Amino acid sequence: MSREEAFPEPAGQPARQPAGTEPPSRRLLLKSTLAAGALTGLSAPIAHAATSPDCPRAADPYVNPLVRNRADPHIHRHTDGFYYFTATAPEYDRIVLRRSRTLRGIGSAAESVVWRKHASGVMGAHIWAPEIHHIDGKWYIYFASAPAEDIWAIRIWVLENSHPNPLRGVWVERGQLKTAWETFSLDATTFTHQGSRYLSWAQHEPGMGNNTAIWLSRMADPVTLTGPQVRLSTPEYDWECVGFKVNEGPSVIHRNGRLFMSYSASATDSHYCMGLLTIDENADLMNPANWSKSPTPVFTSNDTTRQYGPGHNSFTVAEDGRTDVLVYHARQYKEIVGDPLNDPNRHTRVQRLGWKADGSPDFGVPVADTVKEGA
């Protein structure tokens, strides 16, 4: 059975790209098959920005790409003084970890495989978008996967490790993180705010004419949601609907009296870009009406720097503990030969995150490479 037969387009859904157009990228394909994803929620502290919103943007001290052939990057700066890095490997078959005392050191740090996909059954295909969080004394990895026999039935799953060093100890499979519907879901992230733990993720809502929307829920514990699950954003602007109607990959940063939630939109080719949701820090996060949405993308492809499809970001802080850093992936070319799912060249990149005079984030443009291919 083909993917199209397994997941027919709902009535009223826009037609897939006609033959001869650029093929949808990895996430596009998955979105076209199942329509968007809901995920799980867990919590790790939100990355906090620098204290001076008007500080000038200094030259980035980072080498880019930071890590080649690693998409959907997530970097966690822990209290032990190490940065922990994980991302999607292009074979979609394993979860990897690196650690380093410095951000730049992640690029040359040894990479360990901490978990591999199952040969059959659940967690047997499409191992995507892992995030590592330290919650209540234990490590958790949230990731998306599908059964080996049903590779587009993608859901959120959780691993747990009680060892102080996540490169050691045993990663225990805690099972699927259950959301309101048994539909396509992925890209779970977790954060805490004013004493509550939240999970945000991407999921397809039954009956909606989109692929995925951004969702939010409180968490009862690191593997369980509690209370209502609310939709914060659905694809509505033209720039969110190129190729596919996608909102995914949420990430949160708290600064200047507000919470900012970035997300990625459209197909995962050169049209992939980032949007932004904003809420006052004292407002009820579970009331969608309290969130405002930027009508324009905040981070897009750039022909001058030759970076295309930037997105699926996370936030971390520099070694000084104050300077905010944007972590994301991008390709170095616009045209993709063959199926984007088989194109491994989404590279992890990092750059300083700026702040505007009004206290909102200034993403700038994806910076040019500082390392040539093969160097």
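Computed from a prediction, not measured in an experiment: that's the story for all the values here.
Summarising the geometry of Phe299 relative to Phe363, their closest heavy-atom pair is CE1-O, 3.5 Å, with the distance given to 0.1 Å. Across every non-hydrogen atom of Pro228 and Met286, the tightest pair is O-CE, 3.2 Å. Shown here for Ser314 and Ser251, the closest heavy-atom pair between the two residues is CA-OG, 3.4 Å. Nearest heavy atoms, Ile336 versus Arg331: CD1-NH1, 3.5 Å. Minimum heavy-atom separation, Pro366 to Pro310: CG-CG, 4.2 Å. Scanning all heavy atoms of the two residues, the minimum distance from Glu131 to Thr189 falls at OE1-OG1, 2.8 Å.
Side-chain N or O atoms of Glu149 include none that pairs as donor or acceptor with a backbone N or O of Ser120 at under 3.5 Å. In this structure a side-chain-to-backbone donor-acceptor pair under 3.5 Å is present from Asn161 to Arg168. Asp93 places no side-chain N or O within 3.5 Å of a backbone atom of Arg116 that could act as its donor or acceptor partner. Counting only distance, with no hydrogens or angles, the side chain of Gln351 and the backbone of Val325 share no donor-acceptor pair below 3.5 Å. At distances below 3.5 Å, not a single donor-acceptor pair connects side-chain atoms of Thr86 with backbone N or O atoms of Leu97. In terms of modelled atom types and a separation under 3.5 Å, the side chain of His76 and the main chain of His133 share no donor-acceptor contact. Looking at Thr370, its side chain does come within 3.5 Å of a backbone N or O of Asn64 through a donor-acceptor pair. Proximity of a side-chain donor or acceptor of Arg98 to a complementary backbone N or O of Gly107 within less than 3.5 Å is detected. Of the possible donor and acceptor atoms, one in the side chain of Trp171 sits under 3.5 Å from a partner among the backbone N and O of Pro166. The main-chain N or O of Cys241 is found under 3.5 Å from a side-chain atom of Ser266 such that the two form a donor-acceptor pair.
Only one option out of Thr300, Asp303, Asn302 pairs with Tyr308 in a side chain to side chain donor-acceptor pair (under 3.5 Å); it is Asp303.
Classification of the Tyr92-Trp128 ring pair by plane angle, with boundaries at 30° and 60°, yields perpendicular. Below 30°, between 30° and 60°, or above 60°: for His118 and Trp115 the angle between ring planes is between 30° and 60°, a tilted geometry.
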Kindly determine whether Asn69 and His347 satisfy side-chain contact (heavy atoms from CB on, under 4.5 Å), including the steps that lead there.
CA-CA 5 Å; Asn69 308 115; His347 304 316; 3.5 Å; yes
Hey, mind stepping through Phe191 and Leu285 against side-chain contact (heavy atoms from CB on, under 4.5 Å) and telling me if it holds?
CA-CA 12 Å; Phe191 64 94; Leu285 272 57; 3.8 Å; yes
Test side-chain contact (heavy atoms from CB on, under 4.5 Å) applied to Glu205 and Thr234, step by step:
CA-CA 10 Å; Glu205 180 180 2; Thr234 190; over 6 Å; no
Would you check, one step at a time, whether the test salt bridge (Lys or Arg N to Asp or Glu O under 4.0 Å) holds for Arg349 with Asp369?
CA-CA 9 Å; Arg349 309 176 65 81; Asp369 288 351; 2.7 Å; yes
Could you walk me through whether Ile106 and Thr348 pass side-chain contact (heavy atoms from CB on, under 4.5 Å), step by step?
CA-CA 10 Å; Ile106 290 173; Thr348 293; over 6 Å; no
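Separation of atoms CZ (Arg352) and OG1 (Thr323) is listed at 5.0 Å; rounding is to 0.5 Å. The distance from the OG1 atom of Thr224 to the NZ atom of Lys178 is 12.0 Å, given to the nearest 0.5 Å. Asn247 CG to Ile214 CD1: the interatomic distance, rounded to the nearest 0.5 Å, is 5.0 Å. Atom CD of residue Glu240 and atom OG of residue Ser233 lie 5.0 Å apart, to the nearest 0.5 angstrom. Atom OH of Tyr83 sits about 13.5 Å away from atom NE2 of His78, to the nearest 0.5 Å. The distance from atom OH of Tyr328 to atom CG of Leu353, rounded to the nearest 0.5 Å, is 11.5 Å.
Crowding of Arg77 atom CZ: a count of heavy atoms from other residues, nucleotides or ligands under 6.0 Å exceeding 12. The environment of CZ in Arg94 is crowded: more than 12 heavy-atom neighbours from other residues, nucleotides or ligands sit within 6.0 Å. In Asp284, the CG atom is crowded: over 12 heavy atoms of neighbouring residues, nucleotides or ligands sit closer than 6.0 Å.
In this structure, a donor-acceptor pair under 3.5 Å is absent between the side chains of Asn345 and Gln332. Side chain to side chain, Glu236 and Asn210 fail the donor-acceptor criterion of an N or O pair below 3.5 Å. In this model, a donor atom of one side chain and an acceptor atom of the other lie less than 3.5 Å apart for Gln176 and Glu182. For Arg104 and Tyr62, the side-chain atoms include no donor-acceptor pair closer than 3.5 Å. With hydrogens and angles left out, the side-chain atoms of His163 and Asn165 include no donor and acceptor closer than 3.5 Å.
By the 6.0 Å and 45° rule, Arg101 stacks over the aromatic ring of Phe82.
Val96 and Tyr84 fall into different hydrophobic clusters, where Ile, Leu, Val, Met, Phe, Trp and Tyr residues are linked whenever their side-chain heavy atoms come under 4.5 Å apart, directly or through other members. Note on Val230 and Tyr263: same hydrophobic cluster, where clusters join Ile, Leu, Val, Met, Phe, Trp and Tyr whose side-chain heavy atoms are under 4.5 Å apart, directly or indirectly. Under the 4.5 Å side-chain heavy-atom criterion for ILVMFWY residues, no single connected hydrophobic cluster contains both Val172 and Ile95.
With ring centers used as reference points, Trp181 lies under 6.0 Å from Trp215.
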